[in-house]
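Reviewing the structure listed below.
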Number of protein chains: 2
Amino acid sequence: MPAPRQGLSELLERNAVRATPRRLEVLEELARERDDVTAQQLWSRLRERDSAAGLATVYRTLALLSEKGVVDVLSHHGGEQCYRLCGDAHHHHLLCERCHRVVEIQECGLDDWVAAAAKQHGFVATDHRVEIVGLCADCR
Amino acid sequence: MPAPRQGLSELLERNAVRATPRRLEVLEELARERDDVTAQQLWSRLRERDSAAGLATVYRTLALLSEKGVVDVLSHHGGEQCYRLCGDAHHHHLLCERCHRVVEIQECGLDDWVAAAAKQHGFVATDHRVEIVGLCADCR
DNA sequence: CGTGCGAATGAGAACCGTTATCGTTCTCGC
DNA sequence: GCGAGAACGATAACGGTTCTCATTCGCACG
């Protein structure tokens, strides 16, 4: 359960995004998705639900939301971006290479390792991304 | 120093790739680059060196080399792929957010952590990617 | 309640990185 | 040299994303 169906407009306002009907539709559709979706998938699903949202609006909304940190952008398909409604806190992702399931990893005990690895090359780490690829319970 | 200037054709043959003049040019140009480059950058540099290599060949060669594991593909620019000649062994990358410098992290002591994190969600990890973003020594 | 103004939106064109096509050239074993 | 198959260059095609612009909407103010 990625996010509660209720409170989506609060989620927007908390991030200084005006809660318009279209944006709520996009967000609601995102909240329905367990894994991740492309902008085009999201758009066609909205169409099926008789939303009048245009493709440009879907892209604009997703760009806005990712900028605000409300959605994560995964580019594991090279050339096509995938979006996912995620928690606010720092987290990583677990990807099933077979069914493309996406699961959040909440616990990241990697800060020390990251800082040390960075320091070793004269860097100061400001952020890090980890993706674990594997097989989920259903696909094993 | 990512790779020795010599031995590029051996590098190709070791990976079952026929060492043609074009491919060597592409590889040589990749070896000159400390960080990472896009296909288009690489192509225009080759042009400047009076190489007759076409853009399609550059893309074909990069696709082939990445398939063979000779080059790494980084998609941290969303929409545009960056290529880098990297070592064979499992490694990660350190990125400078200011000058876009890329450094390989050879030591990855993360296998246990990865396996544990995967297991906790019912996954079996087969691979993982880590990118550390920060500031390099020069940019601090 | 109107009114006005700036933000948001939809349709479609434009953009741009990448890939496919196709005719030509090159490579290499014979 | 010769022939078959791989590689190549030019360019068209493709597909995801962004831009443009005219229209509509949301909301504060009168």
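Just so we're on the same page: letters track the sequence lines, and every chain starts at 1.
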| field | ILVMFWY cluster, B:V114 and A:V103 together (side-chain gap under 4.5 Å) | value |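 Same cluster: B:V114 reaches A:V103 through Ile, Leu, Val, Met, Phe, Trp or Tyr contacts under 4.5 Å.
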Could you give the [atom1]-to-[atom2] distance, from [X] to [N], as a whole number of Å?
X: A:L62; N: D:dT18; atom1: CG; atom2: C1'; result: 13 Å
X: B:L55; N: D:dC8; atom1: CG; atom2: P; result: 14 Å
X: A:L64; N: D:dT17; atom1: CG; atom2: P; result: 17 Å

| said: Angle between the two end axes of the helix from C:dC1-D:dG30 to C:dC30-D:dG1, five base pairs per end, rounded to 10 degrees? | reply: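 Answer for the end axes of this duplex: 30°.
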| Can you tell me how far CG of B:L135 sits from CG of B:L94, rounded to the nearest 0.5 angstrom? |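 Going from CG on B:L94 over to CG on B:L135, the span is 10.5 Å.
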| request: Please round to the nearest 0.5 Å and tell me the distance separating atom OG of A:S75 and atom CD of B:E80. | output: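 Interatomic distance, A:S75 OG to B:E80 CD, rounded to 0.5 Å: 13.0 Å.
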| message | Can you list everything that forms a side chain to side chain contact (heavy atoms under 4.5 Å, CB included) with B:Q41? Sequence neighbours excluded, please. | response |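 Partners of B:Q41 by the side chain to side chain contact (heavy atoms under 4.5 Å, CB included) criterion, ordered by chain and then number, come out as B:V37, B:T38.
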| task | With sequence neighbours excluded, tell me which residues meet side chain to side chain contact (heavy atoms under 4.5 Å, CB included) with A:R23. | result |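 Once residues adjacent in sequence are excluded, the partners of A:R23 under the side chain to side chain contact (heavy atoms under 4.5 Å, CB included) criterion are A:L12, A:V17, A:R18, A:T20, A:T61, A:L64.
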Suppose we screen for side chain to side chain donor-acceptor pair (under 3.5 Å). Which residues come up paired with [X], at least two apart in sequence or across chains?
X: A:R49; result: A:E29
X: A:R98; result: none
X: A:R14; result: none
X: A:H91; result: A:D72, A:H93

Which atom pairs, donor and acceptor, lie under 3.5 Å between side-chain atoms of residues 120-134 of chain A and protein residues at least two apart or in another chain?
unit_1, atom_1, unit_2, atom_2, d
A:H121, ND1, A:A117, O, 3.2
A:T126, OG1, B:E97, OE1, 3.1
A:T126, OG1, B:V133, O, 3.2
A:H128, NE2, A:H90, NE2, 3.2
A:H128, NE2, A:H92, NE2, 3.2
A:R129, NH2, B:E131, OE1, 2.7
A:E131, OE1, B:R129, NH2, 2.7

| request: Could you list by number each residue of residues 42-54 of chain A showing a heavy-atom separation from DNA chain C of less than 4.0 Å, or answer none if no residue does? | output: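 The stretch gives A:R47, A:A52, A:A53, A:G54 as the residues lying under 4.0 Å from the strand, ordered by number.
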| query | Please, which pairs that meet ring pair (Phe, Tyr, Trp, His ring centres under 6.0 Å) have at least one residue in residues 41-83 of chain B, sequence neighbours excluded? | reply |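 Ring pair (Phe, Tyr, Trp, His ring centres under 6.0 Å) check on residues 41-83 of chain B returns B:H77-B:H100.
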Write out a two-atom table: protein N or O, nucleotide N or O from nucleotides 20-30 of chain C, distance below 3.5 Å.
none

| query | According to a strict under-4.0 Å criterion, is A:R23 in side-chain N/O contact with OP1 or OP2 of C:dT9? | reply |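 For A:R23, the contact criterion (side-chain N or O under 4.0 Å from OP1 or OP2 of C:dT9) is met.
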| said: Using only atom types and a distance under 3.5 Å, with no angle test, would you say the side chain of B:E104 pairs donor to acceptor with the backbone of B:G87? | reply: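 Such a contact is found between B:E104 side chain and B:G87 backbone.
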| query | Do NZ/NE/NH1/NH2 and the carboxylate oxygens of A:R45 and A:E48 come within less than 4.0 Å? | reply |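 Judged by the 4.0 Å cut-off on N to carboxylate O distance, A:R45 and A:E48 do not form a salt bridge.
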Distances under 3.5 Å only, N/O to N/O: pair up the protein atoms with those of nucleotides 14-16 of chain D.
none

